[in-house]
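All remarks here apply to the structure that follows.
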2 protein chains.
Amino acid sequence: MDTKSQIIYIATNLFQQKGYKGVGVSEILNACTITKGALYHHFPNGKEELLITCLESIDQAITTDIEVIFKQYQTTQEALCAMIEKLVANFEREGTISGYTFSSIVSEMASLSEPVRNTCSNLYAKIQEIYIKKLVEDGFSKDTAASIALMITASIEGAIMLCLTDNTSEPLKVISHVLPNVLKES
Amino acid sequence: MDTKSQIIYIATNLFQQKGYKGVGVSEILNACTITKGALYHHFPNGKEELLITCLESIDQAITTDIEVIFKQYQTTQEALCAMIEKLVANFEREGTISGYTFSSIVSEMASLSEPVRNTCSNLYAKIQEIYIKKLVEDGFSKDTAASIALMITASIEGAIMLCLTDNTSEPLKVISHVLPNVLKES
DNA sequence: GTCTATAAGCAGATAGAC
DNA sequence: GTCTATCTGCTTATAGAC
């Protein structure tokens, strides 16, 4: 892997785990075993440019990942269970959720940087689009599908936060059992 | 209000909005119109001690607030609607959610400071206890009540995050309409 | 109990050699 | 394209006057 890709890969992980301000440039440098010269060659506008690039990388990763899962399963409910199972496995293996979420960045940066807020907003919209498409295939109206998709996104993000706070994967497992109730026609 | 209470009040607000690292000591000083001398007199162990104190203050505020609402309404569903309505009003008035949430602190500090993670974990548990008690009164079994309470907490926290990201109160309103589906016997 | 002045260290960023 | 050395400014925290 070339240096730039490596920087993005490692920085993305760090940002997702510790947030933007929680990660120093020098920490990224150490993890990559490179020096400032290399980093500022690839990202002339520094740390914030790197963050935006990382968010785009997260975008790619999450979107393709979810799409693959959602194509693999017949119904939204099956797909969701498989997806959450993957998150649980990820958490139990690594102690954190490295993919799928960027809430640490959102809650920290939403009030501080408009471009970052916007990028995050678009990413959430994209994820929900995948849910909505599948839900419409399941037979829901477009409006209902949109509401359910939002509920799915919110509860999964919230559950991930509870997993990190309580240091167990239980919250995600519980969500997985309760979500089917949301997938019934109201 | 005495100086210490004022520091706690203002710092709590700032921490909730911008996270821990997002707020500098000097920013707190400016907002309080005091100087370092005063702050370090009241909090000899500096910024982290102040954060813990603020989390305890948030604990008090959230717990009493939710308890009052939950005593006012007959069913969990009514209470939840009233609570979310209050959050929406708060958001539309101030542009942020100043009470009720501390997700910015959680996602940033969970991996960095055990004492902070623990304090947050206890706070979430306390909130869920209130929901569980009401749900049992509604007729749910203790296990089911616990699952639903977790789902409520996760979806509200997630929805707050989406509100901040999208800069609209819609997500909370949508959650308010979808949550009743979770409150039906499965 | 609150002030001013200052310390010590780290942040992000730049310049120029190789 | 990557290195080293350096700069500026900001961070938290301390010391001591009032």
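Please read all numbers here as calculations on a predicted model, not as lab measurements. By convention in this document, chain letters (A, B, ...) are assigned in the order of the sequence lines, proteins followed by strands, and residues within each chain are numbered from 1.
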Quiz item: When you measure from every atom of DNA chain D, which of residues 47-57 of chain B have a heavy atom less than 4.0 Å away?
Solution: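 By residue number: B/Lys47.
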Practice problem: Answer yes when A/Glu114 and A/Arg117 have at least one side-chain N-carboxylate O distance shorter than 4.0 Å, and no when they do not. | Solution: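 Looking at A/Glu114 and A/Arg117, the cut-off is met.
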Quiz prompt | Salt-bridge criterion met for B/Glu92 and B/Lys173 (N-O under 4.0 Å) | solution =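 Salt bridge between B/Glu92 and B/Lys173, a charged N being under 4.0 Å from a carboxylate O: yes.
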Whether over 12 other heavy atoms sit under 6.0 Å from [X] [atom1]:
| X | atom1 | answer |
| --- | --- | --- |
| A/Glu49 | CD | yes |
| B/Gln72 | CD | yes |
| A/Asp2 | CG | yes |

Quiz item: Which residue pairs pass the ring pair (Phe, Tyr, Trp, His ring centres under 6.0 Å) test with at least one member in residues 101-138 of chain B, sequence neighbours excluded?
Solution: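 Qualifying pairs: B/Phe70-B/Tyr131, B/Phe102-B/Tyr124.
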Take the protein atom [atom1] of [X] and the nucleotide atom [atom2] of [N], then report the distance between them rounded to whole Å.
| X | N | atom1 | atom2 | answer |
| --- | --- | --- | --- | --- |
| B/Glu27 | D/dT12 | CD | P | 10 Å |
| A/Tyr20 | C/dA11 | OH | C1' | 11 Å |
| A/Lys21 | D/dC10 | NZ | C1' | 11 Å |
| A/His42 | C/dA13 | NE2 | P | 16 Å |

Quiz item: Considering only side-chain heavy atoms of B/Tyr40, which listed nucleotide, C/dT2, D/dT12, C/dT14, is closest?
Solution: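 Among the listed nucleotides, the one closest to the side chain of B/Tyr40 is D/dT12.
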Practice problem: Take A/Ser26 and A/Pro44, find for each the nucleotide of DNA chain C with the closest heavy atom, and name the residue whose nucleotide sits nearer the 5' end. | Solution: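 First, find each residue's nearest nucleotide; the 5'-ward one identifies A/Ser26.
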Exercise. Answer yes or no: is there a donor N or O on one side and an acceptor on the other, between the side chain of A/Ser121 and the main chain of B/Asp166, under 3.5 Å?
Key: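 Checked: no pair found.
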Exercise. Could you go through the side chain to side chain contact (heavy atoms under 4.5 Å, CB included) check for A/Glu157 and A/Val106 one step at a time?
Key: CA-CA 11 Å; A/Glu157 283 291 335; A/Val106 170; over 6 Å; no
Quiz prompt | N/O (side chain, A/His41) to phosphate O (OP1/OP2, D/dC3) under 4.0 Å | solution =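 The answer is no; no side-chain N or O of A/His41 sits under 4.0 Å from OP1 or OP2.
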Quiz item: Near DNA chain C, under 4.0 Å by heavy atom, which residues of residues 28-38 of chain B?
Solution: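 The stretch gives B/Ile34, B/Thr35, B/Gly37, B/Ala38 as the residues lying under 4.0 Å from the strand, ordered by number.
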